[in-house]
Amino acid sequence: MGRVAVVTGGTRGIGGAISIALKEAGYTVAAGYVGNDEAAARFREVTHIGVYKFDVGDFAACENAVAQIEQDLGPIDVLVNNAGVTRDGTMHKMDFEQWDKVIQTNLGSCFNMSRCVIDGMRQRGFGRIVNIGSINGQAGQYGQVNYAAAKSGIHGFTKALAQEGAAKGITVNAIAPGYIDTDMVRAVPENVLEKIIARVPVGRLGKAEEIARGVLFLVNDEAGFITGSTLSINGGQHMY
Ligand code: NDP
């Protein structure tokens, strides 16, 4: 039987491409989402991938979802912490809810989900965790102290958990995407986006499938010597 993979935020955007790539590579996939039932239903219909609705910022909800997924599909071998949100604003205009929502969804989720799968991975002596960071966690970004802090935190989280998991066959890596053509980036005003693309040496936005390729590489059974690393996939925009 193939390995079981969970992709949070796995029903659209980058996560959708990751879910599909994993399924095509033979993994049994569970795709999480939080509110967009229509997109999730469409995704399930087209891909035949199981979808699970829960808030990754809520620890109890993650516990329930992981238990349900394991009951439906079996023990989880691969976790992709991909779900993320933005609530942009400069510091002097940002309220606590904007801060808290982004920290809980982007960073708290990595603890919540990893904590729920780590015992099983340790017992079985195998695990692959990939956390989706961001170029803006590496370089910072005007109007994104919340998002940059959360994504930067992911990179520290990855290195610490990688050290803990190494002796148990668990690798933990991060991917830091540059600007990828998804709903999140389509929400950026066009004039701002033009300026961003002008700073990308490759001269275009990335594709979700290009991030999925990186995930597939890192979760492979044969990638056991790659741990604690961050793979930047950003068209050369930021060389870290
Ligand atoms: P999208 O906005 O296109 O999709 C986000 C996904 O996350 C959706 O499936 C959404 O569910 C889910 N999600 C959001 N909040 C929660 C939550 N609280 N609990 C569970 N699921 C949730 O995002 P992208 O595909 O663009 O981004 C994916 C990841 O990549 C994010 O972590 C993002 O920060 C990161 N990233 C993206 C970049 C880009 O250029 N697009 C660049 C760098 C990093 P639902 O459909 O129900 O809303």
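Atoms within each ligand, like the ligands themselves, are counted from 1 in listed order.
Looking at T11, N36, I14, it is I14 that brings a heavy atom closest to atom 37 (C) of ligand 1. In this structure, of I180, I132, N82, the residue bringing a heavy atom nearest to atom 31 (C) of ligand 1 is N82. Nearest-residue assignment for atom 13 (N) of ligand 1 (options G32, A150, A83; heavy-atom criterion): A83. Comparing N131, V51, V85, I175 against atom 14 (C) of ligand 1, the shortest heavy-atom distance belongs to V85. Evaluated by nearest non-hydrogen atom to atom 16 (C) of ligand 1, the leading choice among I18, V34, D183 is V34. With atom 19 (N) of ligand 1 as the reference point, the heavy atom nearest to it among V56, N106, D58 is part of V56.
Between the side chain of S232 and the backbone N or O of N234, no donor-acceptor pair lies under 3.5 Å. A donor-acceptor pair under 3.5 Å is formed between the side chain of S134 and the backbone N or O of N136.
Protein heavy atom in closest approach to atom 7 (O) of ligand 1: G9 CA, 3.4 Å. Of the protein's non-hydrogen atoms, the one nearest atom 23 (O) of ligand 1 is M184 CE, 3.9 Å. Y147 OH, 2.5 Å is the protein heavy atom nearest to atom 34 (O) of ligand 1. Of the protein's heavy atoms, G84 O, 4.0 Å lies nearest to atom 5 (C) of ligand 1. Counting only heavy atoms of the protein, atom 3 (O) of ligand 1 lies nearest to R12 NH1, 3.5 Å. Residue, atom and distance of the protein heavy atom nearest to atom 18 (N) of ligand 1 are D55 OD1, 2.8 Å.
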Test log, rule side chain to side chain contact (heavy atoms under 4.5 Å, CB included), inputs V4 and V78: CA-CA 6 Å; V4 173; V78 174; over 6 Å; no

Could you go through I226 and L218, starting from their C-alpha distance and side-chain angles, then the distance that decides it, and tell me whether this counts as side chain to side chain contact (heavy atoms under 4.5 Å, CB included)? CA-CA 7 Å; I226 308 172; L218 292 171; 3.8 Å; yes

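Within the 4.0 Å heavy-atom cutoff, G35 counts among the residues contacting ligand 1. In this structure, Q104 does not count as a contact residue of ligand 1, since none of its heavy atoms falls inside 4.0 Å of the ligand. Put simply, no part of T8 is less than 4.0 Å from ligand 1, judged by heavy atoms. Under a 4.0 Å heavy-atom criterion, G133 is in contact with ligand 1. The shell of residues lying under 4.0 angstrom from ligand 1, judged by heavy atoms, includes G178.
In plain terms, the two heavy atoms of I14 and I211 that are nearest each other are CG2-CG2, 3.7 Å. Shown here for Q237 and R199, the closest heavy-atom pair between the two residues is CG-O, 3.7 Å.
Of the N and O atoms on the side chains of T8 and N82, not one donor lies less than 3.5 Å from an acceptor on the other residue. Side-chain atoms of N131 and T158 include a donor-acceptor pair closer than 3.5 Å. No side-chain donor from either of Q98 and N146 sits under 3.5 Å from a side-chain acceptor of the other. Defined by atom type and a distance below 3.5 Å, a donor-acceptor pair is missing between the side-chain atoms of Y52 and N64.
For the pair D221 and R3, the salt-bridge criterion is met [side-chain N within less than 4.0 Å of a carboxylate O]. Salt-bridge annotation for D37 and K53: present, with a side-chain N of the basic residue lying under 4.0 Å from a carboxylate O of the acidic one.
Of all the heavy atoms of T182, the ones lying under 4.0 Å from any atom of ligand 1 belong exclusively to the side chain. Residue contacts with ligand 1 for K151 involve side-chain atoms from C-beta outward but no N, CA, C or O (heavy atoms, distance under 4.0 Å). At a 4.0 Å heavy-atom cut-off, ligand 1 touches F54 through the backbone alone.
Where the criterion is an N or O separation shorter than 3.5 Å, residue side chain and backbone included, Y179 fails it with respect to ligand 1. Note: no N/O pair closer than 3.5 Å links Y33 and ligand 1 by distance alone. The distance criterion of under 3.5 Å between nitrogen or oxygen atoms is not met by S134 with respect to ligand 1. Polar contact check, G57 against ligand 1: no nitrogen or oxygen pair lies under 3.5 Å apart.
Dense packing is recorded around CZ of R124, with more than 12 heavy atoms of other residues, nucleotides or ligands lying under 6.0 Å away. When the shell of 6.0 Å around CZ of F126 is examined, it contains more than 12 heavy atoms from other residues, nucleotides or ligands.
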